2 protein chains.
Amino acid sequence: MNVVNESPRRKELTRLAAQLFVQEGFDRTTVRMLAHEMGIKSGSLFHHFRDKQEILAAVIEEGTQNALHIARRALDSCDSTPEARLHAMARAHLETLLTDRNAHVVALYEWRRLDPEARDHLIHLRDAYEALWEQVIDEALAAGLIHGDRFLVSRFVMGALNWTVRWYDPAGPRTPEELAGELIGMITAPRAVAATPSTIV
Amino acid sequence: MNVVNESPRRKELTRLAAQLFVQEGFDRTTVRMLAHEMGIKSGSLFHHFRDKQEILAAVIEEGTQNALHIARRALDSCDSTPEARLHAMARAHLETLLTDRNAHVVALYEWRRLDPEARDHLIHLRDAYEALWEQVIDEALAAGLIHGDRFLVSRFVMGALNWTVRWYDPAGPRTPEELAGELIGMITAPRAVAATPSTIV
DNA sequence: AGATCAACCAAGCAAGCGCTAGTGTAAACC
DNA sequence: GGTTTACACTAGCGCTTGCTTGGTTGATCT
């Protein structure tokens with residue numbers, strides 16, 4: 001009776017589900033709550049999704065696909081210097097967290113609630129995204145812009161960025177652009193120390 | 001009938017609960033699973049804890065108290081240079097994540113499942129811990145060891161460290177000591193190129 | 001005009017949930 | 001030696017859970 005297609009209605013339902021999953025957590029969100037939020041009865045939900053698990057998978061897939069597209073576009077349309085590319089990736093990441101916040105919070109917090117099949121599928125998407133990061137970080141390392149272990153640097157940077165969902169307030173004074181600048185500034189060595197002696201304020 | 005004291009039996013139960021909460025998540029962990037893991041029947045559980053919520057609060061409190069003690073001891077017994085203090089805090093944090101991993105994963109993932117009263121109490125503990133960090137970071141900023149916004153730097157550093165629970169493998173080749181060194185090395189500008197470069201190999 | 005189909009609903013099942021009530025028992029205390 | 005206390009048990013209540021079933025509706029297609 002149920003369908004697994006990509007109807008526009010399903011997309012809208014996925015967006016609403018993401019919001020509820022963030023508010024309540026996946027386990028505490030009942031199918032009745034989901035249905036109510038969508039303006040239908042709980043039984044009707046299973047016309048659009050095979051089961052509750054599939055809703056979670058849909059939310060996370062949507063968010064990760066978006067992040068991947070935005071990151072690729074950001075890399076395509078920025079300067080080719082290692083610093084510019086690093087900055088572009090950080091800003092893209094933060095902007096995704098902002099515009100698509102719900103889906104990403106769900107991906108970060110509820111990843112472990114996915115059943116193995118869904119996880120297998122989504123892990124490839126995530127790997128593709130993280131590969132972009134490692135590539136940009138490799139370039140920065142090769143250019144001497146940052147130092148350290150390739151693996152560790154990328155993990156530390158991703159951690160710092162993902163942690164922002166805990167404290168960043170989009171209504172606050174700081175733009176994603178500024179945040180990205182601060183982070184990149186923090187980890188990049190002041191390249192040529194040659195000129196003015198770095199002032200100690 | 002039930003008690004709320006600090007018996008040693010209760011501590012052991014708390015440790016077991018932390019493990020189950022990590023494996024299954026708080027919501028999916030039933031009181032019957034908890035009781036089974038503890039070798040008793042589900043009814044007996046409520047002799048030690050008022051309700052399921054209290055078990056979660058006990059787990060998180062235990063972990064945070066430990067982190068606080070370890071951090072304070074680390075600061076007391078290290079050199080007083082800003083760099084040494086920064087390093088000591090990072091290492092202490094990573095060691096806590098290692099030795100008390102379950103409790104901290106629960107604190108990070110299940111914080112929002114706490115009811116308001118428990119959260120109010122635990123938030124003071126967490127604030128005390130984060131205050132230590134901000135103090136050390138202030139010193140490092142004042143010494144010119146790192147630059148940037150005080151608030152942002154501490155958030156970025158905490159993010160990078162807490163994210164380690166996702167990928168760090170205690171059985172792997174890297175010690176917490178090395179990890180701390182890499183992170184501090186990444187964010188500290190190569191200070192005065194003057195004297196002997198105090199190498200941290 | 002008849003057939004198809006997506007989208008919904010009302011009703012409810014079987015299982016599992018947190019938690020309570022009342023009881024038993026061995027050790028500790030006065 | 002009687003009372004209390006700590007810890008465990010059995011049994012089950014009242015409720016919620018994810019999901020199924022069988023059926024209705026209105027639009028679209030042929």
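If you're wondering where the values come from, they're calculated on a predicted model, not measured in any experiment.
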Original post:
Phosphate oxygens OP1/OP2 of C/dC19: is one of them under 4.0 Å from a side-chain N or O of B/Arg50?
Top reply: no
Subject >> Contact under 4.0 Å: B/Lys52 side-chain N or O vs C/dG18 OP1/OP2 >> reply: yes
Original post:
B/Arg28 or A/Ser42: which one's nearest nucleotide on DNA chain C is closer to the 5' end?
Top reply: A/Ser42
**OP:** Considering just the side-chain nitrogens and oxygens of A/His48, establish if one lies under 4.0 Å of OP1 or OP2 belonging to C/dC8.
**Re:** yes
Original post:
Hey, are B/His87 and B/Glu177 close enough side-chain-wise for a donor-acceptor pair under 3.5 Å?
Top reply: yes
Subject >> Comparing B/Gly39 and A/Gly43 on DNA chain D - which has the more 5′ nearest nucleotide >> reply: B/Gly39
Original post:
Separation of B/Asp51 atom CG from C/dG18 atom P, in whole Å?
Top reply: 11 Å
Original post:
Between D/dC7 and B/Ser44, is there an OP1 or OP2 to side-chain N/O distance shorter than 4.0 Å?
Top reply: no
Subject >> Residue pair A/Ala17 / A/Val59: nearest heavy atoms and the distance that separates them >> reply: CB-CG2, 4.1 Å
Subject >> Sugar-phosphate only, base, or nothing, as touched by A/Lys41 at under 4.0 Å among non-hydrogen atoms >> reply: sugar-phosphate
Original post:
Can you find a side chain N or O atom of B/His47 that sits less than 4.0 Å from OP1 or OP2 on D/dA8?
Top reply: no
Original post:
Relative to the ring of B/Phe21, is the ring of B/Phe26 parallel (under 30°), tilted (30 to 60°) or perpendicular (over 60°)?
Top reply: perpendicular
Subject >> Any donor-acceptor N/O pair under 3.5 Å between C/dG16 base and B/Arg32 side chain >> reply: no
**OP:** Begin from the C-alpha positions of B/Arg9 and B/Glu12 and carry the test salt bridge (charged side-chain N to carboxylate O under 4.0 Å, His left out) through to its verdict.
**Re:** CA-CA 5 Å; B/Arg9 178 91 173 117; B/Glu12 171 67 5; over 6 Å; no
Subject >> Residue A/Phe46, side-chain atoms from C-beta onward, closest of C/dC19, D/dT20, D/dC9 >> reply: D/dT20
